[in-house]
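Numbering of ligands and ligand atoms starts at 1, following listing order.
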Amino acid sequence: MRNLIFILGDQLSPDLSSLRDADPACDGILMCEVMAEATYVRHHKRKIAFILSAMRHFAEELETAGFAVRYTRLDAPDNAGSFRGELLRAVEALAPQRVIVTEPGEWRVLDDMRGWSDAARCPVEIRPDFRFLATHEEFAAWAATRRELTMEFFYREMRRKTGLLMEGDAPVGGRWNFDAENRKPAQHDLLRPRRRQIAPDAITRDVLSLVEDRFADHIGRVEGFGFAVTRADAETLLADFIADFLPAFGETQDAMLASDPNLNHALLSFYINIGFLDPLAVCRAAERAYLEGHAPLNAVEGFIRQIIGWREYMRGIYWLKMPDYAESNFFEAKRPLPDFFWTAETDMACLRTVIRDTIDTAYAHHIQRLMITGNFALLAGLAPHAVHEWYLEVYADAYEWVEMPNVIGMSQFADGGLLGSKPYAASGNYISKMSDYCTGCRYDVKKKTGEGACPFNALYWDFLDRNRERLSRNRRLAQPYATWSRMSDAQRQDFRASARRFLQKLDAAERV
Ligand code: FAD
Ligand code: DLZ
Ligand code: SF4
């Protein structure tokens with residue numbers, strides 16, 4: 001064999017760099033399902049099922065294209081259990097002249113990969129991943145010219161680079177960013193179309209029972225699994241999104257409704273992140289919808305910014321700052337995650353709803369992740385590394401390159417403001433304005449302190465007070481600190497005491 005091409009579970013793209021000059025006549029493919037990848041954090045059952053079924057379907061696609069695929073199933077008796085172990089077995093069995101792999105999305109895998117060549121006594125070529133717009137070098141060069149790594153300016157570079165929503169050098173509509181129009185609460189809309197569910201085929205059904213059997217104690221459930229596990233089905237879901245949801249994407253982007261958790265979000269991150277959908281093609285489809293008059297500019301610009309802006313920027317930050325980034329802990333927060341992150345058993349309706357939906361579907365939209373679970377973790381001083389592991393575990397679109405900067409940087413401000421200019425900290429007032437969660441809650445969002453008061457209210461002020469040294473010079477927090485200073489001593493003590501009582505209950509594992 002000439003080349004053995006090793007394809008990982010989130011590299012399911014026919015135009016992958018490792019496949020670029022592949023020849024079925026003399027090259028072979030290696031794919032493997034391994035326990036190490038399912039358990040380095042205890043991934044949600046649906047996430048494991050999604051990846052394994054998508055891998056099996058992709059392997060079939062490659063076989064149809066004429067490739068010999070060495071595919072190790074999770075329950076194969078001689079499965080070595082790890083990427084390295086499976087590679088060593090394959091090299092021994094097939095004696096390739098060279099192994100080719102596309103760089104992985106996680107630092108720990110790259111670190112291990114760098115030792116594969118010595119271990120296998122075979123050259124291992126690690127190729128860049130061209131499924132992103134900016135290379136590591138481009139991002140590093142951009143970052144080197146900046147005092148602050150503001151996403152908005154990086155995003156403008158990506159708009160220029162791709163020509164998306166551009167008229168010559170100028171942004172379409174005269175502005176780069178239409179976010180001001182995208183911060184509205186939502187009303188329940190009975191006419192909003194239902195999401196298409198993809199019925200499991202025989203391959204998926206096999207995988208679902210394997211997951212039930214081998215990962216029974218992992219979070220989540222597989223009943224109701226309706227993810228796309230083929231490129232064709234993922235493309236159908238993209239078309240559904242563009243037709244039915246993109247036009248109102250902007251206006252409901254920041255809103256949350258208990259009865260309609262997805263609103264007009266795309267639910268496409270799973271497919272983009274494993275390589276079924278090309279991010280640029282997704283953006284071009286959205287741009288076309290604008291040009292054809294099907295979707296307004298605020299929706300399309302907002303959507304495209306998430307992909308060529310935030311998504312690319314997060315990846316850039318991850319590779320620029322790893323491995324130290326993982327240990328960032330600006331606030332020196334130490335509290336372990338309360339059990340309700342795995343059970344949803346809490347009286348706080350906002351957290352209960354979002355965590356319940358997460359357990360059921362392995363999905364939550366951006367504002368639910370940022371302003372409900374993330375905001376709570378930040379205010380309650382939960383240890384950022386543990387928070388990061390939770391997000392990596394529970395969401396079916398989570399890989400470190402995108403999850404970690406979102407959690408450590410954007411949500412927990414654990415990097416001290418490298419990524420965001422101020423912490424996303426909010427009291428119950430924000431949650432009440434942007435959602436309908438508070439109507440079903442035992443706590444009263446209007447009550448600031450004492451029995452029955454919304455815990456977010458005291459936690460918010462206590463967070464600012466606790467971290468005064470670290471935050472009070474932040475100009476974007478001048479207003480809340482001025483409000484805190486104007487309060488009477490008694491009011492401030494009241495907030496501190498309420499927060500302390502709540503956190504003591506949390507530490508004592510009492511129901512909150
Ligand atoms: P939409 O809201 O419809 O957005 C469209 C697309 O834009 C998404 O599919 C995604 O590809 C991209 N996108 C949007 N926001 C971001 C962002 N902040 N960073 C990167 N890409 C973005 N996204 C992941 O893909 N994996 C993660 O593990 C992940 N963890 C997150 C953790 C936290 C604490 C937060 C605040 C955000 C996280 N995000 C993550 C970003 C975002 O929440 C998800 O991309 C989004 O919810 C996916 O759902 P969607 O496809 O419906 O997205
Ligand atoms: C997440 C995951 C899981 C659960 N299982 C596998 C697997 O069995 N085989 C595989 O190739 N990939 C899997 N993955 C995805 C990898 O964890 C991912 O490729 C690396 O984290 C690099 O991003
Ligand atoms: Fe959440 Fe507070 Fe509203 Fe209850 S009252 S749902 S805890 S914000």
Side-chain angles (χ1 to χ4, degrees), residues 6-11 31-41 43 47-52 55 72 74 83 86 103-106 108-110 151 241 245-246 249 253 262 264-274 277 279 282 286 302-315 346-353 363-374 376-377 387-388 391-392 395-408 410-412 424 426-432 435 437-447 453-457:
F6 190 177
I7 297 179
L8 310 185
D10 55 354
Q11 299 184 337
M31 296 178 73
C32 54
E33 302 172 359
V34 289
M35 275 310 258
E37 292 306 304
T39 54
Y40 72 97
V41 296
H43 292 297
K47 179 180 187 180
I48 302 174
F50 166 59
I51 291 169
L52 299 194
M55 284 175 66
T72 311
L74 193 79
F83 284 154
E86 276 303 297
E103 62 178 327
E106 302 200 344
R108 72 185 168 86
V109 181
L110 180 64
M151 194 289 295
F241 168 68
F245 302 101
L246 177 63
F249 173 83
Q253 197 181 345
N262 306 329
N264 293 296
H265 286 272
L267 277 71
L268 293 176
S269 49
F270 324 111
Y271 313 118
I272 302 175
N273 291 352
I274 65 165
L277 295 177
V282 170
F303 178 73
I304 285 177
R305 177 162 22 89
Q306 306 311 310
I307 296 183
I308 67 168
W310 282 112
R311 186 172 184 273
E312 290 284 331
Y313 173 81
M314 292 300 180
R315 177 179 186 253
T346 166
D347 293 337
M348 291 178 280
C350 51
L351 283 159
R352 186 175 65 233
T353 310
Y363 175 81
H365 77 60
H366 185 69
I367 298 301
Q368 294 157 339
R369 297 186 206 197
L370 185 65
M371 299 311 295
I372 305 296
T373 40
F376 179 81
V387 178
H388 138 68
Y391 278 93
L392 189 57
Y395 291 113
D397 58 13
Y399 305 88
E400 257 191 30
W401 66 266
V402 55
E403 172 276 332
M404 187 185 286
N406 267 299
V407 173
I408 295 280
M410 182 187 273
S411 164
Q412 300 303 295
Y424 281 95
S427 68
N429 189 36
Y430 172 90
I431 297 172
S432 156
S435 79
Y437 298 143
C438 301
T439 48
C441 190
R442 168 169 99 66
Y443 296 105
D444 180 354
V445 72
K446 294 219 167 59
K447 200 167 173 215
C454 166
F456 280 87
N457 293 335

Between ligand 2 and [X], can you find any atom pair, the residue atom being a heavy atom, that is separated by under 4.0 Å?
X	value
Arg108	yes
Trp401	no
Met31	no

Are the aromatic rings of Phe303 and Phe241 close, with centres under 6.0 Å apart?
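Ring centroids of Phe303 and Phe241 are less than 6.0 Å from each other.
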Is the centre of the His265 ring less than 6.0 Å from the centre of the Phe245 ring?
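Centroid separation for His265 and Phe245: 6.0 Å or greater.
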Please check if the side chain of [X] supplies one atom and the backbone of [Y] the other of a donor-acceptor pair under 3.5 Å.
X	Y	result
Glu86	Phe83	no
Glu400	Glu106	no
Thr39	Met35	yes
Arg315	Trp401	no
Asn457	Lys447	yes

Could you say whether the N/O atoms of [X] and ligand 2 ever approach to under 3.5 Å?
X	answer
Ala38	no
Glu37	yes
Val34	yes
Asp10	yes

Only one of Glu403, Arg369, His43, Lys47 clears side-chain contact (heavy atoms from CB on, under 4.5 Å) with Tyr395; which?
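Of the listed residues Glu403, Arg369, His43, Lys47, the side-chain contact (heavy atoms from CB on, under 4.5 Å) partner of Tyr395 is Arg369.
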Checking contacts here: is it the side chain or the backbone of Gln11 that comes within 4.0 Å of ligand 2, counting heavy atoms only? Could be both or neither.
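No part of Gln11 is near ligand 2 at this cut-off.
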Under 4.0 Å, heavy atoms only, figure out whether ligand 2 is touched by the backbone of Ile51, its side chain, both or neither.
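For Ile51, only side-chain atoms sit under 4.0 Å from ligand 2.
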Taking ring-ring contact (aromatic ring centres under 6.0 Å, His included) as the test, write out the residues that go with Tyr363, two or more places apart.
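Per chain and number, Tyr363 pairs via ring-ring contact (aromatic ring centres under 6.0 Å, His included) with Phe270.
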Only counting residues at least two apart or in another chain, list the ones meeting side chain to side chain donor-acceptor pair (under 3.5 Å) with Ser427.
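Scan of Ser427 (side chain to side chain donor-acceptor pair (under 3.5 Å), adjacent residues dropped) gives none.
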Mark up the atoms of ligand 2 that fall under 4.0 Å of a heavy atom belonging to [X], in ascending order.
X	value
Gly9	10 (C), 11 (O), 12 (N), 19 (O)
Gly105	22 (C), 23 (O)
Cys32	7 (C), 8 (O), 9 (N), 10 (C), 11 (O)
Leu52	8 (O)

With 2.8 Å as the limit, jot down which protein N, O or S atoms are around atom 3 (Fe) of ligand 3.
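Sorted hits: Cys438 SG.
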Applying side-chain hydrogen bond (donor to acceptor under 3.5 Å, both in side chains), run through Tyr391 and Ser411 and close with a yes or a no.
CA-CA 11 Å; Tyr391 278 93; Ser411 164; 4.7 Å; no
Pair Arg442, Met348 - check side chain to side chain contact (heavy atoms under 4.5 Å, CB included), show working.
CA-CA 7 Å; Arg442 168 169 99 66; Met348 291 178 280; over 6 Å; no
Under a strict 4.0 Å criterion on non-hydrogen atoms, which protein residues are in contact with ligand 1?
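Ligand 1 is contacted, at a heavy-atom distance under 4.0 Å, by Phe249, His265, Ala266, Leu267, Leu268, Ser269, Ile272, Asn273, Phe303, Gln306, Ile307, Trp310, Arg311, Met314, Tyr363, Ala364, His365, His366, Arg369, Leu370, Tyr391, Asp397, Ala398, Val402, Glu403, Asn406, Val407, Ser411.
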List the steps and the verdict of side chain to side chain contact (heavy atoms under 4.5 Å, CB included) for Ile372 and Leu351.
CA-CA 6 Å; Ile372 305 296; Leu351 283 159; 3.9 Å; yes
Are any non-hydrogen side-chain atoms of Tyr430 and Phe456 less than 4.5 angstrom apart?
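Contact flag for Tyr430/Phe456 side chains = no.
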Presence of salt bridge, Glu37 and Arg108, under 4.0 angstrom:
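Yes, charged N to carboxylate O under 4.0 Å.
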More than 12 heavy atoms of other residues, nucleotides or ligands under 6.0 Å from OH of Tyr424: yes or no?
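Not buried by this count: 12 neighbours or fewer within 6.0 Å.
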